[in-house]
2 protein chains.
Amino acid sequence: MAADGEVVSARQAADDGLVVAFGRLMGIANRLELLLGRAIEQECGISHLMYEVLLILGRAGEPGLAMSAIGRAQVLTTGGVTRLIDRMEIAGLVERADDPGDRRGRLVRLTSSGEETAIRATRLHRDNVQRLLADQLPPDEWARFAESLRVLGHSLESQVPRLR
Amino acid sequence: MAADGEVVSARQAADDGLVVAFGRLMGIANRLELLLGRAIEQECGISHLMYEVLLILGRAGEPGLAMSAIGRAQVLTTGGVTRLIDRMEIAGLVERADDPGDRRGRLVRLTSSGEETAIRATRLHRDNVQRLLADQLPPDEWARFAESLRVLGHSLESQVPRLR
DNA sequence: CCTAAATGCCTGACGAGTCAGATACTGTTC
DNA sequence: GAACAGTATCTGACTCGTCAGGCATTTAGG
């Protein structure tokens with residue numbers, strides 16, 4: 001990887017350390033999404049995105065979560081959330097209810113089938129994450145890596161604008 | 001985050017350490033894609049994916065790269081690559097040529113406009129990666145993080161099946 | 001209060017990828 | 001050297017997200 005300084009050729013651009021690190025991060029995310037997403041899909045019949053929403057809702061508990069909160073957590077536009085929840089509702093994983101505190105809003109919560117699916121998918125998913133990620137690094141490196149993820153995730157959450 | 005053991009509630013599933021770490025990784029990737037992708041798009045008029053392809057081609061140099069190699073590098077199906085390169089060709093960033101060594105194949109390479117765009121986008125992108133990622137961790141932690149990315153990326157590359 | 005701006009969700013049109021099948025060429029095997 | 005499996009790319013139908021615009025409701029100000 002190249003040192004700092006002005007980039008004057010495509011070759012140099014491609015070898016820049018920061019740029020490469022970012023590319024690796026995205027490549028890892030893409031490959032994990034493919035490998036783990038397919039596993040969840042085949043085992044439980046839901047997409048990886050749906051799985052993440054099941055987790056968010058499991059964490060939220062009663063009385064449910066606003067659509068907008070799901071969008072913020074998963075970086076989706078409001079339209080995207082509407083359609084995702086539509087599909088999940090049809091699949092029987094979640095249900096919508098009017099928000100008693102705000103008549104514009106709807107609260108989404110897990111159905112019992114959604115809860116079961118979250119649990120079942122997690123058993124599978126845990127093992128896959130262990131195998132594909134955690135086992136690839138010595139335990140202390142993995143711990144440091146996970147901690148860095150926490151820090152970075154935290155700092156990024158505040159910088160992403162709300163999507164409409 | 002929960003300790004190891006059987007997962008028996010959605011709440012527990014959502015708090016599992018490995019599952020959370022994976023979710024963070026994906027969340028970071030999504031947010032970076034949004035923030036950095038939009039920056040590139042506004043400044044240079046190309047998507048983040050196109051930018052990555054420009055880098056790959058810059059790295060490859062003459063006489064160009066096969067479509068299938070691009071698909072492997074970016075985790076795209078062959079159909080996806082065809083359409084992406086179609087758009088990039090229309091935009092004047094790359095050009096296709098017949099592969100003299102294999103009459104089924106085509107070689108893709110940067111045009112001079114594509115090369116310029118890669119350089120221009122990288123100047124912008126570098127600074128953004130620095131600010132959003134590297135600056136968020138102490139230098140030694142960032143170095144370790146980047147090294148872990150390298151290791152993980154390497155081990156994952158071999159595990160993703162070829163997409164058709 | 002009453003209006004204007006902001007917010008929450010939904011919808012039609014579109015963009016960019018997947019999937020599955022088609023076509024064209026290559027390499028192997030008998 | 002002919003058949004056949006394998007590989008490289010392209011295409012039509014589809015999926016799932018975005019974007020822009022709409023309506024209902026809430027909130028802030030005068």
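Letters go in sequence order (proteins before strands), and every chain restarts at 1. The figures that follow rest on heavy atoms only: side chains count, while hydrogens, waters and symmetry mates do not.
- When the nucleotides D:dT18, C:dG17, D:dG17 are ranked by their closest atom to the side chain of A:Thr77, D:dT18 comes out on top.
- If you check distances only, the side chain of B:Arg104 never reaches the base of D:dT9 with a donor-acceptor pair under 3.5 Å.
- To the nearest angstrom, P of C:dC9 lies 10 Å from CZ of A:Arg96.
- In this structure, B:His48 places its NE2 atom 17 Å from P of D:dT18, rounding to the nearest Å.
- Put simply, CE on B:Met50 and SG on B:Cys44 are 12.5 Å apart, with the number rounded to the nearest 0.5 Å.
- Contact annotation: A:Ser68 side-chain N/O to C:dC9 OP1/OP2 distance is under 4.0 Å.
- Distance from the side chain of A:Thr82 is smallest to C:dC10 among C:dC10, C:dG17, C:dG8.
- Between the CD1 atom of B:Ile46 and the P atom of C:dA16 there is a distance of 13 Å, given to the nearest Å.
- In this structure, A:Gly80 reaches the bases: a heavy-atom distance under 4.0 Å links it to at least one base atom across the strands shown.
- Two residues, B:Arg87 and A:Leu65, neighbour DNA chain C, and the one matched to the more 5' nucleotide by heavy-atom proximity is A:Leu65.
- Listed candidates were D:dT25, D:dA8, D:dC10. Nearest to the side chain of A:Asp102 is D:dT25.
- Of the residues near DNA chain D, B:Arg72 and A:Val81, the one whose nearest nucleotide (by heavy atom distance) lies more toward the 5' end is B:Arg72.
- Note: CE (A:Met88) to C1' (D:dC16) measures 14 Å, nearest angstrom.
- Checking D:dG17, D:dC10, C:dC10 against every side-chain atom of B:Arg106, the shortest atom distance belongs to D:dC10.
- The closest donor-acceptor contact from the side chain of B:Thr111 to the backbone of B:Leu93 lies under 3.5 Å.
- Side chains of B:Tyr51 and B:Thr122: a donor-acceptor N/O pair is present below 3.5 angstrom, by distance only.
- In this structure, the CZ atom of B:Arg38 is 13 Å from the C1' atom of D:dG17, given to the nearest Å.
- Rounded to a whole Å, the CG atom of B:Leu84 is 15 Å from the P atom of D:dT11.
- Mapping A:Arg164 and A:Thr78 onto DNA chain C by nearest heavy atom places A:Arg164 at the nucleotide closer to the 5' end.
- Only one option out of A:Trp142, A:Phe145, A:Phe22 pairs with B:Phe145 in a ring-ring contact (aromatic ring centres under 6.0 Å, His included); it is A:Phe145.
- Partner B:Leu65 forms a side-chain contact (heavy atoms from CB on, under 4.5 Å) with one of B:Val94, B:Val53, B:Leu57 and no other, that one being B:Leu57.
- A:Arg83 has its CZ atom 8 Å from the P atom of C:dT11, to the nearest Å.
- Note: CG (A:Leu163) to P (D:dT18) measures 7 Å, nearest angstrom.
- Within 4.0 Å of B:Asp99, counting heavy atoms only, lies no atom of the nucleic acid at all.
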